[in-house]
Amino acid sequence: MTCEPVRIGIVGLGRAFMLTLPALRIDKRIQLVAACAPRPESRTAFQTEFGGRTYDNITDICEDENVEVLYIATPHQFHAEHVIAAAESGKHILVDKPLAISMKDGEEMVVACERSNVHLIVGPSHSFDVPVAQARTLIDSGELGAVRMINALNYTDFLYRPRRPEELKTNEGGGVIFSQAVHQIDIVRLLAGGMGKQVSAMTGNWDSARPTEGAYSALVGFANGVFASITYSGYAHFDSDEWMDSVNELGHDKIPESYGGARRTLKSVKSSQAETELKQTRAFGGDSIILAPTHHEHFGPIIVSCELGDIRLTPDGIWVYKNEERRFEPAPAVPNPRTPVIDALVNAVRNNKPPIQTGRWGLASLEICHAILASAADAESISLHKQISI
Ligand SMILES: NC(=O)c1ccc[n+]([C@@H]2O[C@H](COP(=O)([O-])OP(=O)(O)OC[C@H]3O[C@@H](n4cnc5c(N)ncnc54)[C@H](O)[C@@H]3O)[C@@H](O)[C@H]2O)c1
């Protein structure tokens with residue numbers, strides 16, 4: 001059944017928008033009708049490609065009656081202000097992860113959306129990846145019995161990609177916990193059923209030039225007895241894409257010569273201002289081009305152990321390991337790896353059927369981010385109180 005394209009306004013034309021843009025560009029179920037960004041270059045680039053109206057402030061785009069949905073892709077610290085403004089103007093909202101930095105902001109955002117009766121979806125996150133959905137469907141089929149344990153790890157160059165100054169300050173939402181753990185948390189919650197119970201974690205802050213968490217290991221216990229181990233290093237040494245068929249996070253084949261590239265590029269940067277400017281070259285209207293991916297996106301190796309077998313996620317599907325046989329189930333093809341996020345958005349706005357990754361879901365995942373930091377700081381296990389099930 002065809003329906004009117006969902007009219008979307010974009011708030012923040014930076015890196016996150018660039019990564020989602022290939023999926024947005026080709027999807028006839030949506031139309032990009034407006035954008036809000038402080039930099040004139042980005043606004044001009046938007047008008048050149050999409051037409052529509054552009055704004056330099058959140059209030060004006062919220063008043064644009066042609067906009068049905070706002071995709072908030074601004075830095076974490078603006079999510080609360082922008083989501084609440086959008087909700088109060090009656091717009092449905094897709095906000096990039098994490099929902100917010102503080103739990104207080106996150107709660108206020110969720111309440112504002114509930115009060116205005118608008119949908120709030122937190123994404124894209126890698127919990128929307130097609131192989132994750134495949135694993136969930138197999139779990140639901142009951143073939144492998146109940147989930148028992150999940151192991152997820154990811155070794156990347158996250159900390160050495162060009163950053164704004166606040167992205168290297170934990171109390172301003174910087175470091176790998178708010179930007180990266182939240183992906184792993186979303187995935188393991190989706191596969192484990194959602195209801196985290198407690199968290200024990202340690203974190204690593206090992207480079208005084210990038211003084212925020214670059215690594216963590218956390219053990220998340222769930223109310224149904226599942227336990228998940230999540231480990232991350234963003235220190236740009238071992239690259240776990242080697243264990244993902246040499247496919248990178250965005251679904252592209254990895255070029256071996258790119259090893260060490262993030263650190264090499266950063267060496268030429270002499271100040272935090274220059275680093276911010278380098279990051280801006282990767283925003284919309286800059287020189288960066290995102291090529292069409294040939295695989296699904298992924299967030300590193302993930303193994304789900306069930307009563308009767310294991311599931312291993314890959315960028316092209318899932319491996320299923322039973323007692324005496326194993327099989328590979330290819331992932332269904334989709335127009336773009338991020339198309340499931342648009343499916344979720346259209347289904348929420350047009351059919352009033354929200355996905356799992358609602359505002360309250362995002363709040364529960366944010367609670368685990370804070371629990372990782374608190375557990376590492378206090379050397380204690382932290383109980384969880386804001387969890388919801390799938
Ligand atoms: N899902 C993903 O794959 C993914 C990838 C990268 C970033 N992100 C998330 O997206 C968000 C943005 O990160 P980024 O790396 O794209 O940052 P960025 O700096 O590249 O982009 C942020 C954009 O917001 C604009 N902006 C800043 N203040 C604004 C304001 N007051 N009003 C309107 N626009 C404003 C900036 O000019 C810029 O265009 C973060 O929350 C991050 O976690 C998600």
Side-chain angles (χ1 to χ4, degrees), residues 9-24 34-46 54-62 70-86 93-101 105-106 109 121-129 154 156 158 161-168 172-187 234 248-251 272 275-286 288 290 293 296-299 336-338 340-342 344 357 362 365-366 369:
I10 311 292
V11 185
L13 296 172
R15 189 69 191 157
F17 172 61
M18 284 292 285
L19 300 182
T20 308
L21 183 56
L24 296 167
C36 166
R39 298 171 64 238
E41 308 89 291
S42 303
R43 295 199 298 273
T44 305
F46 185 90
T54 57
Y55 303 95
D56 64 3
N57 68 84
I58 185 75
T59 309
D60 288 350
I61 195 168
C62 286
L70 283 174
Y71 169 26
I72 310 289
T74 48
H76 310 346
Q77 64 270 28
F78 297 113
H79 288 184
E81 178 196 337
H82 292 169
V83 165
I84 291 170
I93 299 153
L94 173 68
V95 60
D96 221 309
K97 42 59 49 179
L99 174 66
I101 301 173
D105 278 354
M109 293 157 76
I121 300 171
V122 185
S125 100
H126 283 289
S127 64
F128 284 95
D129 293 348
N154 205 5
T156 76
F158 178 86
R161 297 174 199 157
R163 298 280 161 217
R164 288 177 262 104
E166 67 269 28
E167 290 183 281
L168 299 174
E172 295 183 27
V176 297
I177 309 296
F178 292 106
S179 285
Q180 299 288 274
V182 74
H183 284 295
Q184 270 180 334
I185 293 164
D186 265 8
I187 294 168
N248 75 11
E249 179 182 345
L250 299 176
S272 68
E275 188 171 339
T276 301
E277 284 163 13
L278 177 61
K279 176 159 179 149
Q280 279 170 358
T281 64
R282 292 154 47 108
F284 189 60
S288 150
I290 308 284
H296 290 282
E297 294 196 7
H298 72 81
F299 204 68
N336 179 278
R338 294 199 175 194
V341 180
I342 302 175
Q357 296 91 340
S365 292
L366 182 64
C369 294

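This one's a predicted model, so the numbers in the text were calculated from it and none came from an experiment. Atoms within each ligand, like the ligands themselves, are counted from 1 in listed order.
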Using a strict cut-off of 4.0 Å, indicate which atoms of ligand 1 neighbour a heavy atom of [X].
X      : result
His79  : 41 (O)
Arg338 : 1 (N), 2 (C), 3 (O)
Phe78  : 28 (N)

As a check for students: among [options], identify the option with a heavy atom nearest to [atom].
atom                    : options                     : result
atom 32 (N) of ligand 1 : His82, Glu81, Arg282        : His82
atom 27 (C) of ligand 1 : Gly12, Pro75, Ala37, Ala73  : Pro75
atom 11 (C) of ligand 1 : Thr74, Leu19, Val122, Asp96 : Thr74

Give yes or no for whether the N/O distance cutoff of 3.5 Å, strictly under, is met between [X] and ligand 1.
X      : result
Pro124 : yes
Arg164 : yes
Lys97  : yes

Where is the nearest protein heavy atom to [atom]: which residue, which atom, and how far?
atom                    : result
atom 21 (O) of ligand 1 : Gly14 CA, 3.2 Å
atom 7 (C) of ligand 1  : Ala16 CB, 3.6 Å
atom 35 (C) of ligand 1 : Pro38 CD, 3.4 Å
atom 20 (O) of ligand 1 : Arg15 N, 2.9 Å
atom 18 (P) of ligand 1 : Lys279 CE, 3.6 Å
atom 40 (C) of ligand 1 : His76 ND1, 3.4 Å

Any chance the side chains of [X] and [Y] put a donor and an acceptor closer than 3.5 Å?
X      : Y      : answer
Ser179 : Glu167 : no
Asp186 : His183 : no
Thr74  : His82  : yes
Gln77  : Glu172 : no

Next on the checklist: Quick check against the 3.5 Å criterion: does Thr276 have a side-chain atom that pairs as donor or acceptor with the backbone of Ser272?
Outcome noted: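 Checking the backbone N and O of Ser272 against the side chain of Thr276, a donor-acceptor pair under 3.5 Å is found.
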Next on the checklist: For Pro124, is there any backbone N or O sitting under 3.5 Å from a side-chain donor or acceptor partner on Arg338?
Outcome noted: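 Side chain of Arg338 to backbone of Pro124: no pair is present.
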Checklist entry - Has Arg163 got its NZ or CZ under 6.0 Å from the middle of the six-membered ring of Phe158, at an angle within 45 degrees of the ring axis? => result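 Arg163 over Phe158 ring: yes.
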Next on the checklist: Ignoring hydrogens, what is the shortest heavy-atom contact between Ala86 and Leu70? Give both atom names and the distance.
Outcome noted: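 Closest approach of Ala86 to Leu70: CB-CD1, 3.7 Å.
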Item to check | Stepwise salt bridge (charged side-chain N to carboxylate O under 4.0 Å, His left out) test for Glu275 and Arg164 | outcome: CA-CA 7 Å; Glu275 188 171 339; Arg164 288 177 262 104; over 6 Å; no
Next on the checklist: Is the ring pair Phe46/Phe17 parallel, tilted or perpendicular, if the boundaries are 30 and 60 degrees?
Outcome noted: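 Answer is tilted, since the angle falls between 30° and 60°.
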